[in-house]
There are 2 protein chains.
Amino acid sequence: MPRAKLRPERVFHALGDPTRRAMVERLSERPHSVSALAGPLGVTLTAVAQHLAVLEESGLVRTEKIGRVRTARLEAAGLSTLEQWIKQRRTHFERQLDRLGELLDEDDDPLV
Amino acid sequence: MPRAKLRPERVFHALGDPTRRAMVERLSERPHSVSALAGPLGVTLTAVAQHLAVLEESGLVRTEKIGRVRTARLEAAGLSTLEQWIKQRRTHFERQLDRLGELLDEDDDPLV
DNA sequence: TCGATGCTGAAGTATCGGCTTCAGCAATGG
DNA sequence: CCATTGCTGAAGCCGATACTTCAGCATCGA
């Protein structure tokens with residue numbers, strides 16, 4: 001598997017699903033095998049594998065198969081992609097508030 | 001509509017959809033009416049209204065109807081919810097790396 | 001070597017979610 | 001007061017997707 005794209009597009013979609021979010025939460029603590037992930041989730045290995053594929057495409061997770069065990073670990077860059085998107089939204093949002101502030105300040109001018 | 005829940009659960013689901021993400025991006029710049037949002041998106045007013053309902057439930061957006069116009073604006077708290085979730089994941093992730101570091105440090109001990 | 005373990009691929013099902021249409025209603029403005 | 005504008009509710013369509021089962025295959029360990 002080559003390295004993934006890291007578009008916020010995919011990251012948000014990946015985290016939109018509760019099961020995948022749960023997986024990411026587990027993976028943020030330590031790497032897990034497919035079956036280790038499946039256990040607590042109460043889904044089949046196949047389901048987990050499918051979710052892992054999505055997570056991997058999003059760039060949030062990296063997996064590596066050694067012998068018959070595939071180990072998945074969190075990829076920090078994925079989180080950064082998210083953070084960047086949020087930061088940008090917040091910047092625009094604050095600019096918006098600033099403009100509003102300026103407008104209100106103009107009330108200092110005499111209206112008549 | 002009373003105030004929303006602010007669970008990361010809902011926020012991620014809300015942002016998982018491309019159309020809603022586009023709406024949030026527009027709203028981060030300035031508030032918009034339902035029809036103002038609909039225009040560039042090429043969807044019906046109904047669709048936008050449905051998306052707004054989801055966004056509002058997630059706490060990302062607040063809307064207010066004045067006369068016949070409903071105005072939607074971004075709610076900063078929603079973004080914070082996201083940021084917190086990410087921060088927590090990152091914290092766990094780094095703890096994981098730290099533990100790994102300690103393990104490797106033990107190589108300093110004589111092996112024989 | 002043989003059974004158990006861990007995973008994978010293909011294929012099908014069923015639920016969900018995004019979208020539309022249509023019919024209506026309230027506010028606006030000339 | 002009437003036409004226009006802006007939105008809403010109900011209902012239905014359809015494609016996406018989360019999940020399953022089943023049949024394999026490779027690896028590991030005794």
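If you're wondering where the values come from, they're calculated on a predicted model, not measured in any experiment. Sequence lines set the chain letters: A, B, ... in the order given, protein chains first and strands last, and positions in each chain run from 1. Atom set for the values below is all heavy atoms of this structure, side chains included, hydrogens, waters and symmetry mates excluded.
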What integer distance in Å separates E64(A):CD from dC7(C):C1'? 15 Å
Residue pairs passing the salt bridge (charged side-chain N to carboxylate O under 4.0 Å, His left out) test where at least one lies in residues 12-21 of chain A, sequence neighbours excluded: R21(A)-E9(B)
At what distance, to the nearest 0.5 angstrom, does CG of L74(B) lie from CG of L97(A)? 9.5 Å
Footprint string (nucleotides 6-15 of chain D, 5' to 3'): B base within contact, S backbone only, - free, heavy atoms under 4.0 Å: SBBBBB----
Please list, chain by chain and in numerical order, all residues satisfying side-chain hydrogen bond (donor to acceptor under 3.5 Å, both in side chains) with E64(A), sequence neighbours excluded. none
Options dT20(D), dT20(C), dG18(C), nucleotide nearest the side-chain atoms of V43(B): dT20(C)
Angle between the two end axes of the helix from dT1(C)-dA30(D) to dG30(C)-dC1(D), five base pairs per end, rounded to 10 degrees? 30°
Set of side-chain hydrogen bond (donor to acceptor under 3.5 Å, both in side chains) partners for T63(B), sequence neighbours left out: E56(B), R70(B)
Both G67(A) and A47(A) contact DNA chain D. Which one's nearest nucleotide lies toward the 5' end? A47(A)
Pairing residues for A49(A) by the side chain to side chain contact (heavy atoms under 4.5 Å, CB included) criterion, not counting sequence neighbours: none
Near DNA chain C, counting only heavy atoms under 4.0 Å, which residues of residues 18-31 of chain B show up? T19(B), R20(B)
Phosphate contact (dT17(D) OP1 or OP2) by H13(A) side-chain N/O below 4.0 Å: yes
Run the side-chain hydrogen bond (donor to acceptor under 3.5 Å, both in side chains) test against E25(B) and tell me which residues pass, sequence neighbours left out. W85(A)
Note: for I66(A) and T44(A) on DNA chain D, the residue whose nearest nucleotide lies more 5' is T44(A)
Spacing of OG belonging to S28(B) relative to CD belonging to Q88(A), to within rounding of 0.5 Å: 8.0 Å
Are OP1 or OP2 of dG17(C) and a side-chain N or O of H51(B) less than 4.0 angstrom apart? no
Partner residues of E83(A) under the salt bridge (charged side-chain N to carboxylate O under 4.0 Å, His left out) criterion, sequence neighbours left out: R90(B)
Across all chains, not counting sequence neighbours, the salt bridge (charged side-chain N to carboxylate O under 4.0 Å, His left out) partners of R68(A) are none
If you look only at pairs with a residue in residues 33-54 of chain B, which of them pass as a ring pair (Phe, Tyr, Trp, His ring centres under 6.0 Å), with sequence neighbours excluded? none
Residues passing the side chain to side chain contact (heavy atoms under 4.5 Å, CB included) test with A36(B), sequence neighbours excluded, are H32(B), S33(B)
